There are 2 protein chains.
Amino acid sequence: MLTSVDKHKGLPVYIQIMNMIKKEVMLGNLKDGDQLPPVRELSKVFDVNTNTVMRAFEKLGNEGLIEAQHGVGYFIHSTSSVDPMVIEETKKYIQDLKKKNIDLPMTKMLIEEVWKKV
Amino acid sequence: MLTSVDKHKGLPVYIQIMNMIKKEVMLGNLKDGDQLPPVRELSKVFDVNTNTVMRAFEKLGNEGLIEAQHGVGYFIHSTSSVDPMVIEETKKYIQDLKKKNIDLPMTKMLIEEVWKKV
DNA sequence: TTTAGTGTACTATTGAATTATATCACTATT
DNA sequence: AATAGTGATATAATTCAATAGTACACTAAA
């Protein structure tokens with residue numbers, strides 16, 4: 001579930017970690033109250049410094065998505081997974097784009113651009 | 001059309017510049033053969049060093065999206081704008097997400113995640 | 001009270017991004 | 001030939017986010 005990061009390629013590692021967790025929450029794989037792996041463990045798994053994981057967790061804390069219990073661990077604090085209908089709709093949308101040979105970076109830009117105007 | 005960048009906030013400026021141009025091409029606002037503003041001019045507009053603009057243009061050149069004519073200027077070298085139908089479809093998709101109070105960052109992650117699986 | 005497991009805090013280092021500056025090279029117009 | 005406008009190259013310096021190194025603090029259970 002939380003497996004690997006790309007070091008020094010593209011996004012900062014701590015952002016990658018944040019995104020992983022956000023995705024898992026979004027998909028419903030991590031739910032309110034669930035405990036996250038310890039900072040040290042993740043730092044080993046990802047082969048990065050504990051501070052890098054800490055930074056990710058801190059920021060997620062600021063966003064209110066997780067909460068720390070000193071000496072105990074980090075816990076998910078969110079009830080907001082995405083409606084399965086939305087995922088289905090997204091699948092259809094993406095299938096259509098792929099048929100038309102539009103790639104992921106292009107799609108992201110398209111979404112960003114249209115988002116401003118709609 | 002090419003107006004401003006956010007310095008020291010999020011993405012590197014040279015990437016922001018690349019994305020701006022890619023978007024304009026995607027939307028059909030910049031077409032094959034169109035000349036881009038001079039490097040010096042853009043560096044003034046964005047209030048960044050010429051090297052930063054050059055870097056963006058160099059990279060776009062490597063990707064084949066633009067071409068340099070030494071002593072003359074940079075020109076768009078691409079015929080790939082997005083089908084207006086796709087833009088319409090994207091509008092509908094986004095309107096639906098907005099109704100369900102899903103925000104842009106969440107949407108981007110959703111797209112990324114579903115992209116892998118479809 | 002000891003121990004193992006957890007989060008926290010502080011400082012130092014690194015490296016990509018950006019700037020500053022200067023100079024060279026090519027093109028088109030006059 | 002001269003000039004103005006353009007891109008190309010080079011080097012050094014700077015800045016700041018990202019990451020690492022290391023030691024401290026809290027919790028729970030034995």
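Residue numbers start from 1 in every chain, and the chains themselves are labelled A, B, ... in the order their sequence lines are given, proteins ahead of strands. Being a predicted model, the structure only gives us computed values, none of them experimental.
- Between A:K59 and B:P37, the residue anchored closer to the 5' end of DNA chain D is B:P37, taking for each the nucleotide with the nearest heavy atom.
- Two end axes, each from the C1' atoms of five base pairs, can be drawn for the helix from C:dT1-D:dA30 to C:dT30-D:dA1; they diverge by 20°, to 10 degrees.
- Below the 3.5 angstrom threshold, one finds a donor paired with an acceptor across the side chain of B:R40 and the base of D:dG7.
- Taking OG of A:S4 as the reference point, atom CE of A:M20 lies at 6.0 Å (rounded to 0.5 Å).
- Residues from residues 42-57 of chain A that place a heavy atom under 4.0 Å from any atom of DNA chain D, listed by number: A:V48, A:N49, A:T50, A:N51, A:T52, A:R55.
- For B:T50 against B:S43, the heavy-atom pair with the smallest separation is CG2-OG, 3.6 Å.
- Checked by atom type and distance alone, the side chain of A:K98 pairs as donor or acceptor with a backbone atom of B:W115 at under 3.5 Å.
- Atom NZ of A:K100 sits in a crowded spot, with more than 12 heavy atoms from other residues, nucleotides or ligands closer than 6.0 Å.
- Ring pair A:F57/A:Y74 is perpendicular by interplanar angle, where above 60° counts as perpendicular and below 30° as parallel.
- Residue B:H70 places a side-chain atom within donor-acceptor reach of the base of C:dA25, judged by atom type and a 3.5 Å distance cut-off alone.
- Taking each heavy atom of B:V13 and B:D6 in turn, the nearest pair found is CG2-O, 4.3 Å.
- Contact check on A:E58 versus A:R55 returns no salt bridge, with no Lys/Arg side-chain nitrogen under 4.0 Å from an Asp/Glu carboxylate oxygen.
- In this structure, the CG atom of A:L11 is 12 Å from the P atom of C:dA17, given to the nearest Å.
- Regarding B:Q35, its CD atom lies at a distance of 14 Å from the P atom of C:dT27, rounded to whole Å.
- The nearest whole Å value for the distance from the CD atom in A:Q16 to the C1' atom in D:dA18 is 12 Å.
- Under a 4.0 Å N-O distance rule, the pair A:K92/A:D96 does not qualify as a salt bridge.
- Proximity of A:Y74 to the phosphate of C:dT6: no side-chain N or O atom is located under 4.0 Å from OP1 or OP2.
- To the nearest angstrom, C1' of D:dA17 lies 7 Å from OH of A:Y14.
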